[in-house]
Amino acid sequence: MSAKPALTRRIDSRLIIGILLVVVSMAAVAGIVLASHHTRTVYVASDNLAPGEPLTEERLALVEVRVDDTTPLYLGPDRLPSEPIVITRAVGAGELIPLSALGAADQSTASVVVTLTSSPPSGVDAGSRVELWVAPPGERAGEYADPSVVVPDATVVRRLESDRLVGTNTVELELRVPKSQLQQVLAATTAEARMHVVPLHREPATQLGAEGES
């Protein structure tokens, strides 16, 4: 007669353990579902952002993203600084804005629009670093002096589209240039000088290292 109560206790223990396992599994699934629906509002770039370009809310769009370990690394409305900031590296349209790509506004540069007499070389786009070459007009109509570098290191902000440029060979670029060279650029624009940009290419690090060892 004593065997039955012992068997009953074993059955009751197994039943309780089974119920607990089911409850824990359901709680885990519920937690995963809730986590997958936990989102946060962050900013993405509404268009291409170039290094040195001031960052304003007009250049941003709000999106909802699922929260994970990397979410705090991106710019959200609650982390938008009140002081002026700039982009320190290129961010493409539709990309999240990394906090590491933000910096204090650089007061030593300014934006200026230049008109090129021909399309820029392939690969020159937002974020590209270029030299700005200028050929001043000569004494006679249609003549130009030899070109020279006016800005040795400018950053392309964007290529501007305009109906008045359709059907012509001219291209307008917005550049970030040092303020110390801004007057020369504006003078060249006023004089209707011919302008061209040449991309700056860095040598590969392996090549530089090899040269340093030689």
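Please read these numbers as outputs of a predicted model, since none were measured by experiment.
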> Going by atom types alone, do Arg176 and Thr109 pair a side-chain donor with an acceptor below 3.5 Å?
Replying inline: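 There is such a pair between these side chains.
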Less than 3.5 Å apart, which donor and acceptor atoms pair up between the side chains of residues 184-200 and the rest of the protein, not counting sequence neighbours?
unit_1 : atom_1 : unit_2 : atom_2 : d
Thr189 : OG1    : Val185 : O      : 3.0
Thr190 : OG1    : Leu186 : O      : 3.0
His196 : NE2    : Thr117 : OG1    : 3.3

> Can you pull the salt bridge (charged side-chain N to carboxylate O under 4.0 Å, His left out) pairs that have at least one residue in residues 133-149, sequence neighbours excluded?
Replying inline: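 Passing the test, one end in residues 133-149: no pairs.
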Is the shortest heavy-atom distance from the side chain of [X] to the side chain of [Y] under 4.5 Å?
X: Glu57; Y: Leu80; result: yes
X: Tyr144; Y: Pro136; result: no
X: Val114; Y: Leu116; result: yes

> For the residue pair Thr88 and Gly103, what are the closest heavy atoms and their distance?
Replying inline: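 Result for this residue pair: CG2-N, 3.7 Å.
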Return all side-chain donor-acceptor pairs below 3.5 angstrom for residues 150-158, not counting sequence neighbours, or 'none' if the list is empty.
unit_1 : atom_1 : unit_2 : atom_2 : d
Asp153 : OD1    : Arg129 : NE     : 3.1
Asp153 : OD2    : Arg129 : NE     : 3.4
Asp153 : OD2    : Arg129 : NH2    : 2.4
Arg158 : NH1    : Glu174 : OE1    : 2.5
Arg158 : NH2    : Glu53  : OE2    : 2.8

> Tracing side-chain links under 4.5 Å among I, L, V, M, F, W and Y, which residues wind up in one group with Leu96?
Replying inline: Val42, Val44, Val63, Val65, Leu73, Tyr74
> Do Val177 and Val86 share a hydrophobic cluster (ILVMFWY, side-chain heavy atoms under 4.5 Å, transitive)?
Replying inline: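 Per the 4.5 Å side-chain linkage, Val177 and Val86 are not co-clustered.
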>> Would you say Val112 ends up clustered with Val124 if hydrophobic residues are merged whenever their side chains have heavy atoms under 4.5 Å apart, either directly or through other cluster members?
In response: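 Yes, one cluster joins them.
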Looking at [atom1] of [X] and [atom2] of [Y], how far apart are the two atoms once the value is rounded to the nearest 0.5 Å?
X: Thr41; Y: Leu62; atom1: OG1; atom2: CG; result: 6.5 Å
X: Glu172; Y: Thr115; atom1: CD; atom2: OG1; result: 4.0 Å
X: Ile97; Y: Leu60; atom1: CD1; atom2: CG; result: 5.5 Å
X: Leu55; Y: Leu75; atom1: CG; atom2: CG; result: 6.5 Å
X: Ile87; Y: Asn48; atom1: CD1; atom2: CG; result: 11.5 Å

> Does Ala61 offer a backbone N or O that forms a donor-acceptor pair with the side chain of Ser46 under 3.5 Å?
Replying inline: no
> Who passes salt bridge (charged side-chain N to carboxylate O under 4.0 Å, His left out) against Asp78, sequence neighbours left out?
Replying inline: Arg40
>> Checking Arg79 now: which residues fulfil salt bridge (charged side-chain N to carboxylate O under 4.0 Å, His left out) with it, not counting sequence neighbours?
In response: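 Applying salt bridge (charged side-chain N to carboxylate O under 4.0 Å, His left out) to Arg79 gives none.
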> Just wondering, more than 12 heavy atoms not from Gln183 lying within 6.0 Å of its CD?
Replying inline: no
